[in-house]
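I have placed the structure first, in the form of structure tokens, so that the comments after it can refer back to it.
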Amino acid sequence: MENVDIARTLDDVAILLEIKGANPFRIRAYQNAARTVEDHSEPLRKMVEGGADLTELQSIGKDIAGYITELVESGTVQLIEDLEKEIPRSLIEVTRVPGVGPKRTRKLWEELGIETVEALAESAQAGDVAKLSGFGAKSQQKILDAIAARRRVVGRFKLSDADQYVTPLVVHMRELDAVQRLEVAGSYRRRRETVGDIDLLAIATEPQRVIEHFTTYRDVRKIELAGDTKCTVILTSGIQVDLRILPPESYGAALQYFTGSKEHNVRFRKRAVARGIRVSEYGVFRTDSNAEEPSDPLAGEYLAGREEEDVYEALGLPWIPPELREDRGEIDAAEKGSLPELITLDDIRGDLQMHSTWSDGKNSLEEMLDGCVAKGYEYFAITDHSKALAMTGGLDAAKLEMQWAEIEEIASRRSDIRILRGMEVDILAGGDLDLEDDMLQALDVVLVSVHSKLDLPTVEQTERILRAIQHPAVHILAHPTGRVLNRREPMQFDLDEVLHCAAEHGVVVELNAHPDRLDLKDTHLMRAKELGLKISLGTDAHRVGDLDLMHYGVDQARRAWLSEDDVVNAWSLERVLEWLESRGG
DNA sequence: GCCGTTTTCGGCCCGACTGTTTTCAGTCG
């Protein structure tokens, strides 16, 4: 029972209550609690076991704390069992069909007996949905399209995929002279590891021309809606793009608003309300308590909105980097002046995971070296695979010694960068390492990672990793959870226990910067930092070009509030060597 | 259901677009 499972259960309760037509504020209470749980770095399971008081957590009161405890201890909650007696749980999926919310779900269920997405598709196909009051032919078609689209594109887009769609689109939009400013907001700007859609923001003199330019972009497959200031399209890739057009005096406010996250904005606006001001995408306004004009978004005295910095300043706060805007304490930190000095790409001085043609890399060792020199690095580690990964041409002791000879030869004539002799050593099924101890000791840097038997039972998997990282030669636990975004779930194991053990033994954990992995994820990294662990940002490059992926790691590190001091490969060579030599040798 | 520098009751973020119910509810972000 991990935090994600608890959060999902709370979200399910909220949806069931919504279908039931419960008090909207009660519903939101469950949603807020789910968010808290999802973002909490420490497993609530452990807090429950340790007898901690869950009501200390934001948005969790006596009742929900009780439900969480019940859930952890018994695997289920009476509340949801009771709700399921009234409302089929499968209706939760129906509410996730775009255009169908809880109200319409209830109507479909009551009047047509629809309990599943499949049944909804069939009913819509048969034309029954259009006959319901409140629905029509267009609604019915939208539902059919939405279900078909859902089947085509599952889930969210990896940030690196989104980059591929966004970059040319931004170029296209900026080509139009009527566009004065254009930015990408949303989770893309917050640099989340995956994005659901793309939010574009424009200041323009002639909105209609901008909308037309947007909708005629070569990759637009479908126009979902087009108004005077707002337009939504679906690209051929299936990704949705929202465009909003605003006047200059609203630009900063809109950028703030559409960057989100939703949770950050809720907290932000509550702060505004407490100060008698109102924040919307149009700007910051002094609320006129006498005037009863809630319909006018421009009512009241305009205080700020032109630049994002002004909007934060109007609420007495410094500007907050987008990566932090997840309602994880950033507004409190901003207020206290204790926002972290976030790491930047410029801080990175080396890369401690990459491969060469010695195993499954596409470039030679010296080509990789040239790539690192071109990045201005002071050092890098070459970390080819060990022999257990036969398919990658992993190295045994003899081959590793041959590689060391090559490294020595190159180092003798290349003094522009320090080469560290490393290896990504496989963690075997029982937790042994795939290299002899004397060789491990002789390496400058030892990464260990799991590549096989990813589906061991939780307890065995945990034991296996714990055993491996307790080996005195180990420096870094690489891609700790083994997940591959949108393709492979993380391994089942007790990550928190592994992090504790790593902290105890001075082992560094990796943030694998490859955009397919980004492993550990942001909340895990926050937990690691909390436990005093240091982090290594490694690209896991298999070709020179992959060295450029470091920025995805930095994005993720920033989302985890990491600073230069938290990241070992932002340290000077001297400090890195000191750390490496303090272990192993 | 949660919360508190309007604190144990009475609030809880705000606006756009669509389709359809001819005056607005539902959904979405």
Inset, instruction - State, yes or no, whether a side-chain contact exists between A/Q240 and A/I198 at a heavy-atom distance under 4.5 Å. - result: no
Legend entry - Non-hydrogen side-chain atoms of A/D128 and A/K131 separated by less than 4.5 Å: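 A side-chain contact exists here, since the closest heavy-atom pair is under 4.5 Å.
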Taking any heavy-atom pair under 4.0 Å as a contact, classify [X]: base, sugar-phosphate, or nothing.
X	value
A/A137	sugar-phosphate
A/A185	nothing
A/L57	sugar-phosphate

Inset, instruction - Output yes when a side-chain donor or acceptor of A/S338 lies under 3.5 Å from a complementary backbone atom of A/A334, and no otherwise. - result: no
Legend entry - Side-chain donor or acceptor of A/Q140 paired with backbone N/O of A/K138 under 3.5 Å: no
Inset, instruction - Compute the ring centroids of A/Y302 and A/Y282, then answer whether they are less than 6.0 Å apart. - result: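 No: the rings miss the under 6.0 Å criterion.
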Inset, instruction - Establish, for the pair A/R191 and A/Y188, whether the NZ or CZ atom is under 6.0 angstrom from the six-membered ring centre and no further than 45 degrees off its axis. - result: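 Satisfied, under 6.0 Å and within 45°.
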Inset, instruction - Using the six-membered ring of A/F135, assess whether NZ or CZ of A/R104 lies under 6.0 Å from its centre and within 45 degrees of the ring axis. - result: yes
[N] and [M]: how far apart are their [atom1] atoms, nearest whole angstrom?
N	M	atom1	answer
B/dT6	B/dG11	P	15 Å
B/dC2	B/dT7	C1'	13 Å
B/dT27	B/dT20	P	13 Å
B/dT8	B/dC3	P	16 Å
B/dC12	B/dC17	P	25 Å
B/dT21	B/dG26	C1'	12 Å
B/dT23	B/dT18	C1'	15 Å

So, [X] and [Y]: side-chain donor and acceptor under 3.5 Å apart, yes or no?
X	Y	value
A/Q256	A/N265	yes
A/Y257	A/D199	no
A/S133	A/K107	yes

Could you state the atom-to-atom distance from [atom1] of [X] to [atom2] of [N] in whole Å?
X	N	atom1	atom2	answer
A/F135	B/dT18	CZ	C1'	13 Å
A/I15	B/dG1	CD1	P	18 Å
A/L243	B/dA16	CG	P	15 Å
A/Y282	B/dG15	OH	P	9 Å
A/R267	B/dC2	CZ	P	15 Å
A/I60	B/dC2	CD1	P	9 Å
A/Q58	B/dG4	CD	C1'	11 Å
A/I223	B/dC17	CD1	C1'	15 Å

Inset, instruction - Using the closest heavy atom to pick a nucleotide of DNA chain B for each, name whichever of A/G61 or A/V279 lands nearer the 5' end. - result: A/G61
Inset, instruction - Using ring pair (Phe, Tyr, Trp, His ring centres under 6.0 Å) as the criterion, list what pairs up with A/Y251, not counting sequence neighbours. - result: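 A/Y251 satisfies ring pair (Phe, Tyr, Trp, His ring centres under 6.0 Å) with no residue once adjacent residues are dropped.
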Inset, instruction - List in chain and number order the residues that pass ring pair (Phe, Tyr, Trp, His ring centres under 6.0 Å) with A/Y217, two or more places apart in sequence or in another chain; answer none if no residue qualifies. - result: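 If we apply the ring pair (Phe, Tyr, Trp, His ring centres under 6.0 Å) test to A/Y217, skipping adjacent residues, the hits are A/H172.
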Contacts under 3.5 Å, N or O only, protein and nucleotides 6-12 of chain B:
none

Inset, instruction - Consider the side chain of A/L225, meaning its heavy atoms from C-beta on, and name the nucleotide among B/dG1, B/dT18, B/dG15 that approaches it most closely. - result: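 Taking heavy atoms from C-beta onward, the closest nucleotide is B/dT18.
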Legend entry - Proximal nucleotide (of B/dG1, B/dA16, B/dG15) relative to the A/T229 side chain: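 For the A/T229 side chain, the nearest candidate turns out to be B/dA16.
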Inset, instruction - Please name all residues satisfying salt bridge (charged side-chain N to carboxylate O under 4.0 Å, His left out) with A/D219, sequence neighbours left out, ordered by chain then number. - result: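 Counting only residues at least two positions away or on another chain, A/D219 forms no salt bridge (charged side-chain N to carboxylate O under 4.0 Å, His left out).
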Legend entry - Distance test, side-chain N/O of A/S133 to OP1/OP2 of B/dT20, below 4.0 Å: no
Legend entry - Neighbours of DNA chain B within residues 311-325 of chain A, by heavy-atom distance under 4.0 Å: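 None, since no heavy atom is under 4.0 Å.
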Anything under 3.5 Å between a protein N or O and an N or O of nucleotides 23-29 of chain B, put it in a table, one pair a line.
| residue | atom | partner | partner atom | Å |
| --- | --- | --- | --- | --- |
| B/dT27 | OP1 | A/G101 | N | 2.8 |
| B/dT27 | OP1 | A/G101 | O | 3.3 |
| B/dT27 | OP1 | A/R104 | N | 2.8 |
| B/dT27 | OP2 | A/K103 | N | 3.2 |
| B/dT27 | O5' | A/G101 | N | 3.4 |
| B/dC28 | OP1 | A/G99 | N | 2.4 |
| B/dG29 | N2 | A/Y257 | OH | 2.6 |

Inset, instruction - Could you please name the partner base of B/dT27, counting Watson-Crick and G-U wobble pairs only when both distances are under 3.5 Å? - result: B/dA16
